[in-house]
Amino acid sequence: MSAKDPNPPFHYPSPREDFILTISCGNTHLHWATHHGANEDFNPKIFWRTPHISAEDMASDNLINVLSRLIPDDAHDYIWGPENDASKEAAIEQSKLRAVPEISVYVVASNKGQADMLEKLLQTIPSKFCEIEGDMFFTEDQGRYPTMGADRLATLAGAAHMHGHPALVFDGGTATTYAGTDCNGRILGGGIGPGIRTKLKSMAETTAALPDLTSKVDERVNAAIGEGGSGPLPTFATNTEDAMLGDVFQELAMKGRNVISNWLQKAFKSSKPQTAIFKRNTDKRVICTGGDGDVLHLLLSPDSGGLIEVDDQEEPGYGVEVCKHLIHYGVTAVLYSHVKLQQKKDEFVKKNADEHVGKRVAKVFDMEDDGGDNIFRGTVEGFVEVDGKKEYRIKYDDGDVEDIFEDTLFELFELYTIHGEKTERKKSNGLKKNSKSDQVKSSKPGVAGKEKKTPKADSDSAKVPKKKKGGDHGRDAPAAKKPKIDTYTDMVKKAVPTVWVKRRVAKIFDGEVYFGTITHWDPPFWKVEFDDGDAEDWENKDLVKALKLYEKRAKEDPQRKTMKSVN
């Protein structure tokens, strides 16, 4: 049985699982889905909706019966067995027949109270309960801002999973929201406004003469578009109901078309894809979801789907479809991406070290080159065994050299897969940054902060001598690049803690650098032993600082082995 853990680690499903449960906790309902396992890419099987769990439900002496009432027959049979009543004993016996006894449950919650109730209910059966946070759908580097809800991020991830980037989603519920991505999978942003029924309810509550039409939306929509129906709602209505509904619908239609027009310009015309790694939304599909997704779909379709009176319109340069279960496809995207990445890691580990030599890599640094690019490319030159781990030498295209371990090498391969080779980007004035006829920049932009005068020479190809770096294996090279500030913060946050065990680190005491080794993980601390015999317990922030400092000062580490190129 699952036990309550105040800080549970995120759990990805086992490749052997063939049944996954996902739940979206919305403002008015719970939306459920069962999914296939990894062999079928975690695609959803069945969907259903239930009312919110009530306080009376949670006061029951038999919570497993409350859970049972929320579960349809197919899922009920999987959890408790065919023709069995819901009970703790039946759930345990049925779990013994499965390849993986505990069922993986993934929740996307905009209603935290309902998520907490669900977790308590699901503790009555063998399960692993995981709430998916927003940064699992999109990272800050991909444009996610801190207050962007996980539900909005999930729908955007689901749309990209189905059709590719650029993606655009309209979500009609208590609020009507939209969000979009560009051709490189980065979030452009979005908007939030009151939903259809919220608008109508507000008019009824804040005026004395207007009726509450929240319960008549579906009826009026069906009357307008149904066979032999009343036809589109007129622009100049002659009764109050049509005037209210028509105005709300026209507002949503005009706003939606303006949003789409901006998206087509920003996502398709004003930017170019940097890589072919993302699926491309070549059909320019726009997806509508949520409780009022059907209405939004009509309003954004040609002639507004016959719902409102419109002038003659040209055929739009985009397509619109409705998917009420987009959040569940967003969860599918997260699980699918993890499995594919793990498969690539497994293939990477199986390869011999010499197979990586000569391969291209990329890494993000907090400085930019002349073209405004902070992604530097390089080549794997060689490797050597260090304390039982393979360490690789990277020579960047600008001449810098860096030594990294195998786990970092995989990340650099992945980044190169995403960004590929550099494409020159012109500055607005057509010149490279700081370029002058009688000056050249230091070979590492931004390191020295000053330009060096070009010595007089008979040839235009005269070069400024590079400054020799101490300890760089006898090589002359420019000053080392600094890693992007958040690199280790993200890695420490997301990685399995034990991955840092035996990692070399550095810390400054009284102005002097001391080197040490992470000896083991004793939650919630990493134990570090310095080379002089001292020891400390570190939290996440301490480890991040020590890893960053070590990357800067690694060549001063007495225990660091000399690298040898493999030719």
Side-chain angles (χ1 to χ4, degrees), residues 134-135 137-172 175-193 251-290 293 296-297 299-302 304 313-323 326 329-330 333 364 368 371-375 415 418-420 422-430:
D135 61 357
F137 297 108
F138 289 89
T139 66
E140 288 187 8
D141 287 342
Q142 293 172 313
R144 175 184 61 83
Y145 53 87
T147 57
M148 193 170 187
D151 53 343
R152 294 180 67 201
L153 293 161
T155 59
L156 200 53
H161 182 72
M162 293 172 66
H163 294 293
H165 293 289
L168 180 62
V169 174
F170 289 87
D171 190 344
T176 298
T177 69
Y178 63 87
T181 66
D182 64 14
C183 57
N184 294 300
R186 181 175 174 81
I187 296 175
L188 293 168
I192 305 172
E251 181 182 345
L252 287 172
M254 287 187 288
K255 181 183 80 171
R257 293 179 190 280
N258 183 59
V259 168
I260 294 172
S261 176
N262 273 268
W263 173 67
L264 292 173
Q265 176 63 42
K266 294 178 183 297
F268 289 91
K269 296 180 180 179
S270 299
S271 61
K272 295 181 179 180
Q274 297 174 353
T275 173
I277 192 171
F278 293 121
K279 183 192 294 186
R280 179 82 168 158
N281 184 8
T282 54
D283 293 334
K284 300 180 176 63
R285 303 299 293 178
V286 176
I287 300 185
C288 299
T289 191
L296 292 175
H297 175 241
L299 293 173
L300 298 177
S301 296
S304 292
Q313 295 179 343
E314 296 181 3
E315 189 71 19
Y318 60 88
V320 189
E321 66 183 68
V322 62
C323 177
L326 204 52
Y329 284 98
V364 178
E368 295 180 351
D373 190 0
N374 68 338
I375 299 172
L415 193 64
I418 294 173
H419 293 282
K422 176 182 176 181
T423 55
E424 293 294 336
R425 291 185 285 179
K426 294 182 179 180
K427 294 293 181 181
S428 58
N429 61 3

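Residue numbers run from 1 in the order of the sequence given.
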Any chance you could measure Leu300, atom CG, to Leu168, atom CG, to the nearest 0.5 Å?
8.5 Å
Judged by atom type as modelled, is there a donor-acceptor pair below 3.5 Å linking the side chain of Thr289 to the main-chain atoms of Cys323?
yes
I'd like to know if the side chain of Gln142 reaches the main chain of Thr139, judged simply by a donor and an acceptor atom lying under 3.5 Å from each other, with no hydrogens or angles considered.
yes
Atom pair CG (Leu326) and CG (Asp171), whose distance is rounded to the nearest 0.5 Å:
8.0 Å
Has the side chain of Trp263 got a donor or acceptor atom that lies under 3.5 Å from a matching backbone atom of Ala167?
yes
At what distance, to the nearest 0.5 angstrom, does CZ of Phe137 lie from NE2 of His161?
12.0 Å
In terms of ring plane angle, is the pair Tyr178 and Phe170 parallel, tilted or perpendicular, where the classes change at 30° and 60°?
tilted
Atom pair CD1/OH of Ile187 and Tyr145 - distance to nearest 0.5 Å:
8.0 Å
Among Leu299, Leu296, Val169, which one satisfies side chain to side chain contact (heavy atoms under 4.5 Å, CB included) with Cys288?
Leu296
Please report the interatomic distance CD(Glu321) to OG(Ser301), rounded to the nearest 0.5 Å.
10.5 Å
Gap between atom CG of Leu252 and atom CE of Met254 - 0.5 Å precision:
9.5 Å
Minimal heavy-atom distance between Glu140 and Arg186, with the atoms involved, is O-NH1, 4.2 Å
Evaluation steps, side-chain contact (heavy atoms from CB on, under 4.5 Å), between Asp283 and His163
CA-CA 8 Å; Asp283 293 334; His163 294 293; 6.0 Å; no
So, does Asp182 use its side chain to make a donor-acceptor pair with the main chain of Asn184 at under 3.5 Å?
yes
Would a distance-only check, ignoring hydrogens and angles, find a side-chain to backbone donor-acceptor pair under 3.5 Å from Lys284 to Gly319?
no
Where do Pro166 and Thr181 come nearest, in terms of heavy atoms and distance?
CB-O, 3.1 Å
Taking all heavy atoms of Ala267 and all of Leu188, pick out the closest pair and write down the distance.
CB-CD1, 4.2 Å
Ignoring hydrogens, what is the shortest heavy-atom contact between Arg152 and Gly190? Give both atom names and the distance.
NH2-CA, 3.8 Å
Over all atoms of both residues, closest heavy-atom pair of Arg257 and Ser304:
NH2-OG, 3.3 Å
Distance-minimising heavy-atom pair for Leu156 and Ala179
CD1-O, 3.4 Å
